[in-house]
Every structure is written in structure tokens, then in C-alpha cells.
Amino acid sequence: MSTIKETVEVDVPVHTAYNQWTQFEEFPNFMEGVEEVRQLDDRHNHWTTKIAGVRREFDTEIVDQLADERVTWRTTSGDTHQRGSVRFERVDDTHTRVELVLDVEPSGAVEKAGDMMGTIDRRVKGDMKRFKQYIEERGAESGAWRGRVQPGGDTPSGPGPIL
């Protein structure tokens with residue numbers, strides 16, 4: 001399993017950066033190789049990716065989510081095996097540090113070779129740079145989800161996604 005860690009500082013308030021990140025269906029706008037993310041409910045997403053000509057579909061579960069602080073997830077089905085977290089740290093009123101930590105278990109010869117050559121690491125770095133550009137150019141999030149997901153429990157009632 002490979003661990004990738006990347007941090008960017010974005011020129012938006014912490015709530016703006018967090019709110020945009022929770023719009024999972026917007027990920028194809030800044031994540032290379034992500035064709036579609038469908039949000040199934042407050043905890044589950046279905047992903048379709050195409051990387052190096054290999055198409056994958058998999059499901060993820062959000063295991064911990066706290067507004068303006070973090071989102072933690074893991075895959076639950078499919079050929080892709082990963083878990084990760086993204087943390088949001090207020091730098092000041094208009095700047096936020098966004099840190100992504102991703103544990104990936106490459107599957108198949110193409111993914112394993114790409115991992116050994118640093119392809120996954122470069123892709124994550126590029127995705128984080130594109131997230132910075134995406135949110136800074138917009139200046140505002142495209143929606144927000146302010147609920148909380150707790151490890152091992154049900155999602156407390158709260159507002160759903162705002163699209």
C-alpha cells in the first residue's frame with residue numbers, strides 16, 4: 001500500500017474550501033481521470049474512473065466527517081482499494097490549508113507499475129493544484145453540506161447537500 005500526502009494553501013475561507021470539497025459530484029472538474037462521482041446518500045458515493053486506459057467503478061463510504069475540519073473515507077467495493085482523509089486548517093480569515101492523505105493499494109499490472117514510477121503521487125499533486133485553481137477562480141463554493149458523519153454510527157439528522 002502506498003501513502004500519498006499533499007498539502008495546498010487556498011485563498012478562500014475554511015468554510016468555502018470545505019463546502020466545495022463536500023460537493024463530490026464536482027470532483028471530475030479538478031480530478032484527472034475521474035469521469036463521474038454519484039452521491040448515493042450522505043455517506044456513500046459511486047465513482048467511475050479511467051486512468052491509463054483502465055476503467056474502474058467502485059464505491060466509497062464516508063466514515064468520519066466534521067464541518068470545516070475533515071472528511072475521511074474508504075472504498076467498500078470494486079477493484080480499487082483506498083482510504084484517505086482530507087483536513088482543512090484555517091490559516092486566517094481568507095486562507096485555508098488543505099491536506100490530503102491517501103492510502104492506495106494498486107490493483108493490476110498497470111496500477112502497480114504506475115505506483116512504482118510515482119504516477120499516483122504526481123496525479124494527487126496535480127489534483128490538489130487543480131482544486132486550488134478551481135475554488136479560487138470560483139471564489140465561492142458550488143454548494144455545501146454541513147452535516148456530520150461519525151465513525152461507526154448513523155448520520156445525525158441535518159441538512160442534506162445543497163446543489
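What's counted below: heavy atoms across the whole structure, side chains too, no hydrogens, waters or symmetry copies.
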Going by side-chain hydrogen bond (donor to acceptor under 3.5 Å, both in side chains), name the residues that satisfy it together with [X], two or more places apart in sequence or in a different chain.
{"X": "Trp21", "result": "none"}
{"X": "Glu36", "result": "none"}
{"X": "Thr96", "result": "none"}
{"X": "Asp92", "result": "Thr94, His95"}

For [X], enumerate each residue passing the salt bridge (charged side-chain N to carboxylate O under 4.0 Å, His left out) test, keeping only those at least two apart in sequence or located in another chain.
{"X": "Glu61", "answer": "Arg43, Arg74"}
{"X": "Arg56", "answer": "Asp79, Glu111"}
{"X": "Lys125", "answer": "Glu6, Asp121"}
{"X": "Asp59", "answer": "none"}

Practice task
Tell me, please, which residues at least two apart from Lys5 pass side-chain contact (heavy atoms from CB on, under 4.5 Å).
Solution key: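 Counting only residues at least two positions away or on another chain, Lys5 forms a side-chain contact (heavy atoms from CB on, under 4.5 Å) with Glu99, Val101.
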
Handout entry: ring pair (Phe, Tyr, Trp, His ring centres under 6.0 Å) partners of residues 64-87, not counting sequence neighbours, each pair once
Key =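 Every pair satisfying ring pair (Phe, Tyr, Trp, His ring centres under 6.0 Å) with a residue in residues 64-87: there are none.
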
Handout entry: Pairwise ring pair (Phe, Tyr, Trp, His ring centres under 6.0 Å) hits with a residue in residues 38-67, at least two apart
Key =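 Every ring pair (Phe, Tyr, Trp, His ring centres under 6.0 Å) pair that includes a residue of residues 38-67, provided the two are not neighbours, is Phe27-Trp47, Trp47-Phe58.
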
Problem - Qualifying salt bridge (charged side-chain N to carboxylate O under 4.0 Å, His left out) pairs with a residue from residues 8-22, counting only residues at least two apart or across chains - result: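 The answer is Glu9-Arg97.
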
Handout entry: More than 12 heavy atoms from other groups under 6.0 Å of CZ on Arg83
Key =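 Check fails, neighbour count at 12 or below.
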
Exercise for the section: Assess whether side-chain hydrogen bond (donor to acceptor under 3.5 Å, both in side chains) is satisfied between Tyr18 and Glu69, documenting all intermediate values. Expected result: CA-CA 8 Å; Tyr18 171 85; Glu69 288 188 27; over 6 Å; no

